[in-house]
Structures are given as structure tokens and as C-alpha cells.
Amino acid sequence: MNSADITPPMSPQRAREIASALDLRALPPEFYANPFPVYAALRDSEPVRRMPDGSFFLTRYADLVAVYRDAHAFSSDKKVEFTPKYGEGSPLLAHHTTSLVFNDPPLHTRVRKLMMGALTRRAIAEMEPGLVTLVDGLLDRIEARGGGDLVEDFASAIPVEIIGNLLGVPHAERGPLRDWSLAILGALEPKLTPDQEERGNRSVTEMLAYLKGLVAQRRLHPGDPEHDVLTRLIQGEQGGEQLTEQELLQNCIFILNAGHETTTNLIGNALVALQEWPGQLDWLLRTIGPRPDWQALEPLLSTAVDEFLRFESSNQLGNRRAVQAVEVGGVRLEPGALVTLCIGAANRDPAQFERPDDLRLDRVNNRHLAFGFGIHQCAGLSLARLEGRVAIGRFLARFPRYRLTQPPVRGGRARFRGFLHAPFAVA
Ligand code: HEM
């Protein structure tokens with residue numbers, strides 16, 4: 001595959017037609033498989049597009065950065081949008097309006113500060129040996145069976161353990177975490193079915209009940225606050241503010257979810273993309289070599305992981321609400337205007353990235369927005385990058401001739417881009 005297959009040249013007239021047909025609540029099936037031609041049409045013809053529901057859809061890199069930078073004009077607080085969406089008193093509403101990502105300072109600042117204290121560079125580096133053991137164990141099992149499913153047997157099995165460790169969730173209790181996470185984040189899709197809503201609400205209720213018990217245990221037996229995020233959140237700042245019980249529980253749910261599907265999709269998307277870009281796969285395999293020196297390879301794998309994040313960003317959409325009159329991309333937004341930030345489009349903007357539809361694993365100056373930007377930039381980005389490096393690097397070193405045995409199955413979501421299944425054989 002090459003860039004011409006992904007974004008064929010488009011006339012201005014065609015670009016306008018595609019852009020004006022976009023409705024996030026009624027996306028055609030082909031959009032989920034390949035949204036990039038639609039993104040390109042929007043970037044070219046209407047980069048700040050007014051949607052049928054009156055909100056604005058932004059696709060240019062520079063416009064996204066401008067919005068992310070201005071946290072005074074653009075709020076992350078979602079009570080206005082989510083109250084009619086989930087309904088007063090619903091578990092989904094309580095959860096999504098209490099997590100730090102959907103709040104402004106001061107709640108955001110308090111929670112983020114506590115979290116970041118346990119996600120230091122040192123704390124993350126110390127996770128690497130355990131991560132290597134986990135990944136190698138998964139690879140052993142795959143080798144014994146001659147293959148498996150890239151998502152089920154590999155990509156999704158990694159974040160659940162890493163995030164489980166971060167909050168000290170006992171191994172035997174990690175089973176339901178992935179389904180809860182999928183259901184709760186799935187409820188963020190632009191259009192929600194009654195079934196998705198029911199599963200989302202049920203998952204928040206079940207997860208809260210589970211976490212109440214875990215928190216009670218941890219209060220009795222605190223962990224090391226240098227490493228244990230839960231202990232940090234329980235203890236709060238020394239002499240400073242404490243989180244309320246609701247803030248504590250809802251933000252634990254968020255951290256368990258935030259690093260889950262996103263990281264699964266980083267790993268799954270990367271291993272599928274390499275099959276579609278055999279020249280890049282060969283290059284990476286040659287560079288890794290038959291007897292990898294992992295320490296020496298770290299800069300190269302880091303560069304490659306960032307390119308996977310840019311090229312197939314796991315989180316394609318973000319949201320903000322204008323709280324004052326403000327101009328973006330030459331369009332005036334009134335207070336209350338809802339804005340969708342299309343990370344997937346910004347990360348393919350030719351004004352920022354050379355040949356943006358090409359996967360180039362040695363890309364330099366790759367200032368992609370896959371982790372967002374500004375005060376809400378992903379708190380787990382170093383952890384996600386570490387997981388990506390270890391998982392993708394060790395997979396390729398072990399199975400250089402892996403191949404997909406059936407077409408991979410997409411997750412079918414606009415916000416979170418990834419695969420549900422990708423069956424493969426090791427040779
Ligand atoms: C490839 C993996 C990941 C991707 C693509 C990703 C993406 C993002 C993005 C785009 C945001 C910003 C949302 C916004 O501004 O509205 C964000 C926030 C956040 N992410 Fe991640 N994330 C990943 C992994 C993780 C992991 C592993 C963790 C867990 C430690 C994590 C924890 C968080 C938290 C706590 C926030 C909220 C930060 C804030 O509001 O200040 N993420 N993430």
C-alpha cells in the first residue's frame with residue numbers, strides 16, 4: 001500500500017461534497033475502515049466545519065494546537081453535553097463528569113498532580129523488567145500454538161496487567177477490567193445505542209462496587225506512594241487537599257480505562273500496519289537484527305512507536321466547549337460552542353507532516369497530537385510509549401515472518417481506532 005491508495009487526489013468540488021456530507025451521528029460504514037479521505041476533504045475545504053447539530057469539527061493541526069493551548073477559552077468540563085446524553089442521576093454521567101480529563105482546574109489540577117507523582121520517569125523505568133517478562137510469556141504461548149489473534153492474545157493482554165499493577169489490583173481480580181473499560185469508554189461514541197448505554201451504566205456501577213472494596217483494603221494496608229497510584233490518591237497531598245470518596249473512585253475508574261483500549265490499539269494497529277507496509281517492516285526487522293541490543297535500540301523503537309501513534313492514532317477525537325467568544329481558523333465561535341478536535345486528521349495534515357499518508361518509521365520532528373497537548377496532555381504517555389516499544393520490538397524480534405491469516409476486523413468506532421481481531425500465524 002502507498003499514500004496514493006489512501007488519499008487519491010480529489011477535486012475541490014468533490015472535497016466540498018464529502019465535507020458537507022459529514023455527520024458524526026450517521027457515519028457510513030466505509031468511514032470506520034478508512035476515515036482519512038474524509039479528513040483530507042475537510043482539511044482542504046472546510047477545516048472548521050459546522051456540523052448539522054451546530055457543533056464544530058476541526059481538522060487542521062494548527063487549529064487543534066490553538067484550542068489545546070487555550071484552556072481558558074476552551075473548557076474540558078462536560079456537564080453541559082453529558083447531562084442530556086446520559087441523563088440526570090445516571091452512573092455514566094457521574095463518572096464522566098468527575099474524571100480529571102473532563103474537568104477544568106481546580107479539580108483537574110489536584111487529581112493530575114497526585115497521579116503524576118506516581119508516574120515519574122523512574123517509576124516507569126522500574127516497570128520495564130516486569131513488562132518484558134509479561135510480553136515474553138505471551139510470546140511463548142503464541143509460539144507454542146504457532147499463532148493466534150494479535151489483539152486477543154497479545155495487544156489487549158498487556159495494558160490490563162500494567163494498569164492493574166499501577167493500581168495494585170490483585171491478578172485474580174483483573175478479569176472484568178477490559179470489558180468494563182470497553183463499555184465505559186464505548187459510551188463516549190458520538191451516537192449511543194440503548195444497549196451501549198445500558199452496558200456503560202452497568203459497568204460503572206460494577207466497577208465502583210469493586211473499587212470501594214479495593215480502596216477499603218488499601219486504606220488498611222497502604223502501598224508505596226512512590227509507585228502505587230491508588231495509595232497516592234487515597235493519601236492526597238501531605239498537608240494539602242484530599243480527594244472526596246467519589247472523586248477518588250471515579251478517577252480510579254478513569255485511570256484503569258484510559259490506558260487500556262488506547263494502548264491495546266497502539267500495539268494492534270502497529271502490527272497490522274506493518275503488514276500493509278512491507279518495506280517499513282523489512283527496514284525495522286533489519287535494524288532490530290537477529291540478536292537485538294535492546295538498550296541501543298531504544299531511540300529507534302521510540303521513533304517508530306511515535307510514528308505508529310501519528311499514523312493510526314488510537315484516540316481519533318477529542319472535545320472542548322468554548323466558554324467565551326473566540327476565533328479559531330478564521331471562524332468565530334460563540335460561548336457554548338461545542339468543538340470536536342480531530343486528532344486523526346491533524347496527525348495527517350500536510351502543513352505539519354511531510355508525506356503524511358506514508359508510514360515512515362524514521363520520521364523526525366514528529367510532533368503528533370496522539371496524546372493531545374496542553375494541560376490535559378496524556379498523563380500516561382511515557383508508560384504507553386514503553387509498552388509500545390517493548391511489545392512491538394519483542395514481537396518482531398521473535399516472529400519476523402508473522403503474517404495475517406484473515407482480514408483483521410475493525411472495532412467500528414469513530415473515537416477509538418483499532419481492531420477487535422487480527423488472526424495471524426508466526427511464519
Ligand atoms: C497509546 C496509548 C494512549 C493514548 C493514545 C492516549 C491518549 C490520550 C489523550 C489524547 C488524552 C487527552 C484528552 C484530552 O485532552 O481531552 C489523554 C489523557 C489522559 N490519559 Fe492517555 N492515552 C494513552 C495511554 C494512557 C495510559 C497508559 C494511561 C495511564 C497511566 C493514560 C492516562 C491518561 C490520563 C490520566 C489522562 C487525563 C490527563 C488530564 O486530563 O490531565 N493514558 N490520553
Side-chain angles (χ1 to χ4, degrees), residues 58 64-65 67-71 74-78 81 96 98-120 123-124 127 131 155-156 158-167 177 181 185 188 227-230 232-233 250-270 302 305-321 339-344 346-347 368-392 415-418:
L58 273 54
L64 263 74
V65 169
V67 172
Y68 278 130
R69 274 215 170 102
D70 194 350
F74 291 99
S75 167
S76 285
D77 186 315
K78 299 286 184 289
E81 297 114 284
H96 283 311
T98 315
S99 69
L100 79 162
V101 76
F102 296 146
N103 269 282
D104 298 325
L107 172 63
H108 167 257
T109 322
R110 275 194 294 144
V111 180
R112 184 168 173 112
K113 203 166 156 207
L114 291 175
M115 259 184 204
M116 292 313 285
L119 290 169
T120 58
I124 288 167
M127 292 181 204
L131 176 60
S156 71
I158 299 164
V160 68
E161 293 301 318
I162 296 303
I163 301 282
N165 290 347
L166 208 61
L167 272 95
L177 290 181
S181 159
L185 292 184
L188 293 173
H227 298 96
D228 180 22
V229 176
L230 185 52
R232 279 192 85 84
L233 293 176
Q250 300 289 10
N251 279 288
C252 286
I253 294 188
F254 179 72
I255 205 171
L256 281 167
N257 292 343
H260 226 115
E261 197 177 352
T262 46
T263 316
T264 299
N265 290 349
L266 158 62
I267 299 165
N269 288 351
S302 299
V305 164
D306 273 294
E307 176 65 349
F308 290 125
L309 284 161
R310 181 196 72 81
F311 187 72
E312 284 273 2
S313 310
S314 347
N315 192 345
Q316 294 270 305
L317 306 176
N319 295 91
R320 295 292 187 269
R321 183 168 44 88
V339 174
T340 299
L341 304 171
C342 187
I343 295 172
N347 280 345
H368 63 76
L369 300 176
F371 292 121
F373 184 74
I375 66 165
H376 287 279
Q377 190 179 42
C378 179
L381 54 81
S382 304
L383 182 54
R385 283 177 165 137
L386 172 69
E387 290 179 69
R389 279 199 308 274
V390 171
I392 298 164
R415 188 175 294 276
F416 295 103
R417 184 162 176 79

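All figures in this text were calculated on a predicted structure; none of them were measured in a lab. All ligand and atom numbering here is 1-based and tracks the order in the structure.
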Atom of Ile267, atom of Ile158 and distance for their closest heavy-atom approach: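 Here Ile267 and Ile158 meet closest at CD1-CD1, 4.0 Å.
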What atoms of ligand 1 come within less than 4.0 Å of a heavy atom belonging to [X]?
X      : value
Ile375 : 41 (O)
Arg112 : 38 (C), 39 (C), 41 (O)
Ala370 : 5 (C), 7 (C), 10 (C)
Ser314 : 1 (C), 5 (C)
Leu309 : 1 (C)

Would a 4.5 Å heavy-atom cut-off, applied to side chains only, mark [X] and [Y] as touching?
X      : Y      : value
Phe308 : Asn269 : no
Asn103 : Ser76  : no
Glu387 : Pro159 : yes
Arg385 : Ser382 : no
Arg320 : Ser75  : no

Give me the residue, atom name and distance of the protein heavy atom closest to [atom].
atom                    : result
atom 40 (O) of ligand 1 : His376 ND1, 2.6 Å
atom 34 (C) of ligand 1 : Phe254 CE2, 3.5 Å
atom 29 (C) of ligand 1 : Ile163 CD1, 3.8 Å
atom 13 (C) of ligand 1 : Val101 CG2, 3.7 Å

Judged on heavy-atom distance to atom 14 (C) of ligand 1, which of Arg320, His108, Glu261, Met115 sits nearest?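 Closest candidate by heavy-atom distance is Arg320.
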Examine Tyr68 against ligand 1 and note whether any of their N/O atoms are separated by less than 3.5 Å.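 The answer is no, given that Tyr68 and ligand 1 share no N or O pair closer than 3.5 Å.
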What's the separation between atom NZ in Lys78 and atom CG in Leu188, rounded to the nearest 0.5 Å?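 One gets 9.5 Å once the value is rounded to the nearest 0.5 Å.
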Run the side chain to side chain contact (heavy atoms under 4.5 Å, CB included) test on Asn265 and His260 for me, step by step, so that the C-alpha distance in whole Å, both residues' side-chain angles and the decisive distance to 0.1 Å come before the verdict. CA-CA 9 Å; Asn265 290 349; His260 226 115; over 6 Å; no
Any idea how many protein N, O or S atoms are nearer than 2.8 Å to atom 21 (Fe) of ligand 1?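 There are 1 of them.
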